[in-house]
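Here's the structure we're looking at; comments come further down.
Atoms considered below: every heavy atom in the structure, side chains included; atoms not considered: hydrogens, waters and symmetry mates.
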Amino acid sequence: MCTSIFTKTEDNKHFLARTMDFSFPLEGNPVFLPRDYSWHVFGKEMTNKYAMLGTGRGIAGNYIFTDGINEHGLAMAELYLPEEAVYDKDEVEGMDNLAPWEFLNWVLGNYKSIDDLEKDLKNIRLIDAKIPIMNKSIPLHYIFADVTGRVVVIEPSGGELKFKENPVGVMTNTPNLEWHTQNLRNYLHVQPKQFKPRDYGEFTPMPFIQSGTSGLPGGFTAVDRFVRAAFFKEYINKARNEEEGITNIWQILSTVRIPKGVVIKESENEDYTEYLAGICLESRSFYFTPYENNQISKVKLTDELIEDGNVVVFEAPRKQLYYSLEGIIAHNDLITTIKEVVELLDDIKTTKKGQIEGENKEILENFDDEFLKENMSNIKELLETIEKNKQ
């Protein structure tokens, strides 16, 4: 269980983000892997060409990732696809044979873009293999994005891997992507605006508040989460820059985030959102929030990290952190009032007419440049005299 979204900002920054919903404690942290990082698969040594940053954990001598970005701005995440993911049973001679949970490391370590990967897909095979930490095979599908704005999905069906274009920019779990996109046709009535009153005989019921979203599904199934994520991603106010982009992503993902105790499997294990991760492809910034702490942590894939060439683990704080506010004493005395007037006049003096709205627009109309020139100095002299006498 997971939800992934792809978004962009008005200044053309692109983001890939996800919730990690799982019952097995992955205990992942942001991890940086340098160029020439070597790891082992099926008894063979693999070496990555490119540096990468994402959510990782050391497993059987290798760092394995569940999402991340490389130095060229190619980003990727893996999500669960139970009952539909199909892998090859045995290694295929002459191919790059990978366990499904190693595919992400291989892609980010060796390809610059989606187009670059697409040229080589025919040479890659995913082999049914158990992940050591869980001692079982895990059914996965994958979402990719790069700085061109392209977003695609791979849902393994055995044999050669194929890209699926993702026109919605959302991925959850089983069923497959085509089913989810067609299911959106069942929710065309959901809208941000209120429904209009409608006559029933001589009675005209008025809509409840927030009536337009009344048909939005509220459960945590993959189907419900896909619809919610698609709706909120489509209608949330557009972000202007990276900071607003991350704020939007955390707001969207909060609608599908699963708290402990509300989704319990037959095994009595709890599915819950272990972490949120968001990646800005242009700045190569990785944002991370674990379950235990709502604060957003940020790590950047910098040239300095690449040049240093070390594996670096960034321990995300698991204890809830709070930002302590500093209070400002509210004064209502004459000096404070005069200071506020001076600040207001200074603002008006430096603001072009026509750029002030509301009440300040009316204030501006009552002042001309000559008035400001004469009275600003008088008011400031009065303020200085009052302060001197007060001392």
Side-chain angles (χ1 to χ4, degrees), residues 1-7 9 13 15-32 53-57 65-69 75 77-80 170-173 213 216 218-222 224-226 228-233 235-264 269-281 283-301 312-327:
M1 295 179 66
C2 300
T3 304
S4 180
I5 60 174
F6 174 77
T7 65
T9 58
K13 296 285 197 330
F15 300 81
L16 184 66
R18 61 96 53 80
T19 65
M20 168 54 79
D21 309 329
F22 213 34
S23 58
F24 184 89
L26 297 174
E27 299 175 353
N29 280 297
V31 175
F32 170 79
L53 171 69
T55 309
R57 176 177 172 174
F65 280 39
T66 47
D67 42 70
I69 182 173
E78 59 185 33
L79 283 73
Y80 228 52
V170 174
M171 192 167 84
T172 55
N173 314 106
T213 58
L216 203 59
F220 288 112
T221 68
D224 290 352
R225 287 183 285 110
F226 190 100
R228 284 207 302 283
F231 177 83
F232 285 104
K233 190 174 85 75
Y235 289 109
I236 195 170
N237 288 346
K238 302 303 179 186
R240 294 172 295 179
N241 50 42
E242 182 172 341
E243 182 179 351
E244 291 184 4
I246 289 298
T247 298
N248 273 10
I249 286 168
W250 256 244
Q251 293 291 345
I252 294 166
L253 293 182
S254 70
T255 71
V256 295
R257 194 174 181 178
I258 306 174
K260 288 183 178 181
V262 301
V263 176
I264 301 176
N269 292 328
E270 299 174 331
D271 269 331
Y272 69 99
T273 300
E274 297 191 20
Y275 68 82
L276 275 63
I279 307 167
C280 178
L281 310 191
S283 70
R284 302 185 305 191
S285 297
F286 187 82
Y287 299 86
F288 186 85
T289 295
Y291 182 89
E292 301 85 357
N293 175 20
N294 284 320
Q295 190 172 81
I296 301 176
S297 300
K298 176 182 177 180
V299 180
K300 202 166 184 178
L301 200 169
V312 182
V313 179
F314 300 88
E315 291 281 351
R318 253 61 184 191
K319 184 178 180 181
Q320 190 67 267
L321 298 176
Y322 302 93
Y323 180 79
S324 297
L325 299 176
E326 292 186 6

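Without hydrogens or angle criteria, Asn29 side chain to Glu315 main chain gives no donor-acceptor distance under 3.5 Å. Arg57 contributes a side-chain N or O that, together with a main-chain N or O of Leu26, makes up a donor-acceptor pair within less than 3.5 Å. With Asn248 contributing its side chain and Asn237 its backbone, the two residues share a donor-acceptor pair below 3.5 Å. Proximity of a side-chain donor or acceptor of Arg284 to a complementary backbone N or O of Lys300 within less than 3.5 Å is not detected. Remark: the backbone N or O of Ala222 is not paired with any side-chain donor or acceptor of Asn173 at under 3.5 angstrom. A distance-only check finds no donor-acceptor pair linking the side chain of Glu242 to the backbone of Cys280 [under 3.5 Å]. Not one N or O on the side chain of Gln295 forms a donor-acceptor pair closer than 3.5 Å with the backbone of Tyr322. Side chain of Asp224 to main chain of Gly218: no donor-acceptor pair is present (N/O by atom type, distance under 3.5 Å, no hydrogens or angles). Between the side chain of Thr273 and the main chain of Arg257, no donor-acceptor pair closer than 3.5 Å is present. In this structure, Arg225 contributes its side chain and Cys2 its backbone to a donor-acceptor pair below 3.5 Å.
Defined by atom type and a distance below 3.5 Å, a donor-acceptor pair is present between the side-chain atoms of Thr66 and Tyr275. In summary, the side chains of Thr9 and Asn241 do not present any donor paired with an acceptor at a separation below 3.5 Å, with no hydrogens or angles considered.
In Arg240, the CZ atom is not crowded: 12 or fewer heavy atoms of neighbouring residues, nucleotides or ligands sit closer than 6.0 Å. Within 6.0 Å of CD on Glu243 lie no more than 12 heavy atoms contributed by other residues, nucleotides or ligands.
Side-chain contact between Ile249 and Phe15: present, with at least one pair of heavy atoms (C-beta onward) separated by less than 4.5 Å. Residues Phe231 and Thr255 are not in side-chain contact: their nearest non-hydrogen atoms beyond the backbone lie 4.5 Å or more apart. The side-chain heavy atoms of Thr55 and Met20, taken from C-beta on, include no pair separated by under 4.5 Å.
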**Item:** Derivation of the side chain to side chain contact (heavy atoms under 4.5 Å, CB included) call for Phe220 and Arg228
**Value:** CA-CA 10 Å; Phe220 288 112; Arg228 284 207 302 283; 3.8 Å; yes
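For Phe22, the ring-ring contact (aromatic ring centres under 6.0 Å, His included) partners are Tyr80, not counting sequence neighbours.
Here Leu53 contributes atom CG and Ile69 contributes atom CD1; the two are 8.0 Å apart, rounded to the nearest 0.5 Å.
Classification of the Phe288-Phe286 ring pair by plane angle, with boundaries at 30° and 60°, yields parallel.
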